[in-house]
Amino acid sequence: MDLKTQLKELQEATQAQLKQMNGNHAKELQDLRVQVLGKKGSLTELLKGLKDLSNEERPAVGKLVNEMRDILTASFEEQAKIVEAAVINAKLEAESLDVTLPGRPIAAGNRHVLTQTSEEIEDIFLGMGYQVVDGFEVEQDFYNFERMNLPKDHPARDMQDTFYITEEILLRTHTSPVQARTMDQHDFSKGPLKMISPGRVFRRDTDDATHSHQFHQIEGLVVGENISMADLKGTLELISQKMFGAERKIRLRPSYFPFTEPSVEVDVSCFKCGGDGCNVCKKTGWIEILGAGMVHPQVLEMSGVDSEKYSGFAFGLGQERIAMLRYGINDIRGFYLGDARFSEQFN
Ligand code: DAH
């Protein structure tokens, strides 16, 4: 058999074998490629016969060999694609993947209801030209108590026992110490001080549905010339209406805080019954929302503020209390569970 015929036969035989290989035959395909086109393969073997040809014949047959290698290489590549597709199909079938199924929704979180509450209140006060100030959660006894007019032996300290780091350093029991710290920094010759300070506070308390050893307040303070109780009342009325509805009225009851004089407890008319009496307002028509008062002259003086020239009002509200009232949350512990199902309800 001459070389040409042998080449032709090799091509036909190889292509016939490739044709039969319809499917998942990666290994066989690779074996056949080596067998035919490999270094020690059939084609190389046939090439050895070139040397026996005459000089006239050799170029034409050499060309033929090259063409055939190209043809076979293309055939192998074509088959490789078929095999590749078969491999993928086999995998897909095994996984029984249904690409037409709708995707799973990605769960998006939302801001915590307390964050929402404090941001809402911050926005209202920012709109009135207040600054928002940060305080220290780990605070000195000096600022937490003494500068708030609660000296070491003051009986009102009993209501605000807390966690002590040392005798002089504690976890703050209220946001009120921020009053002293900001007054210390403020230059009153440049204008009044108007600030709020939201943050976390701590008490030695047994946790139950309405108490937590850790909760959140927002402190408010305005100090300047001619600041009066009327300013306090107007401000509290506005915040109450923004938080609980435009129809709300407020009521001030005399109270006691060491750092304010006079001191008041502030009630808002019930947003559920409008004042007729219901379970939310405990049949009184009023709901207590915060404590406030006119800054005690002693507190001003301790910051070096002339209490003859300047006066001010202050208030402190509980963020949890506001949120519980607004959303009808009946257990304070829900705020701290970190349970998305709790948070989602207030989105
Ligand atoms: N610091 C008080 C508390 O935690 C709340 C408070 C009452 C703050 C009256 C004030 C205020 O600024 O004027 O119980």
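Below, each value reflects all heavy atoms present in this structure, side chains not excepted, and no hydrogens, waters or symmetry copies. Order of appearance sets the numbers: ligands from 1, and atoms from 1 within every ligand.
- Counting non-hydrogen atoms of other residues, nucleotides and ligands closer than 6.0 Å to CZ of R204 gives a total of 12 or fewer.
- Expressed to the nearest 0.5 Å, how far CG of L236 lies from CZ of F313 amounts to 7.0 Å.
- Checking Q319 against T117 by side-chain atom types alone, no donor-acceptor pair falls below 3.5 Å.
- Heavy-atom contacts from other residues, nucleotides or ligands closer than 6.0 Å to CD of E168 number more than 12.
- Grouping Ile, Leu, Val, Met, Phe, Trp and Tyr by side-chain contacts under 4.5 Å, direct or through others, puts I169 with V138, F163, I165, L171, F202.
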Atom pairs and distances, ligand 1 N/O vs protein N/O under 3.5 Å:
| from | atom 1 | to | atom 2 | distance (Å) |
| --- | --- | --- | --- | --- |
| ligand 1 | 1 (N) | H174 | ND1 | 2.9 |
| ligand 1 | 1 (N) | S176 | OG | 3.0 |
| ligand 1 | 4 (O) | R203 | NH2 | 2.9 |
| ligand 1 | 4 (O) | Q217 | NE2 | 2.9 |
| ligand 1 | 12 (O) | Q179 | NE2 | 3.1 |
| ligand 1 | 12 (O) | E219 | OE2 | 2.7 |
| ligand 1 | 12 (O) | F315 | N | 3.4 |
| ligand 1 | 12 (O) | F315 | O | 3.4 |
| ligand 1 | 13 (O) | A314 | O | 3.2 |

Checklist entry - Can R326 and E120 be said to form a salt bridge (charged side-chain N to carboxylate O under 4.0 Å, His left out), step by step? => result CA-CA 13 Å; R326 286 179 84 190; E120 205 175 312; 2.9 Å; yes
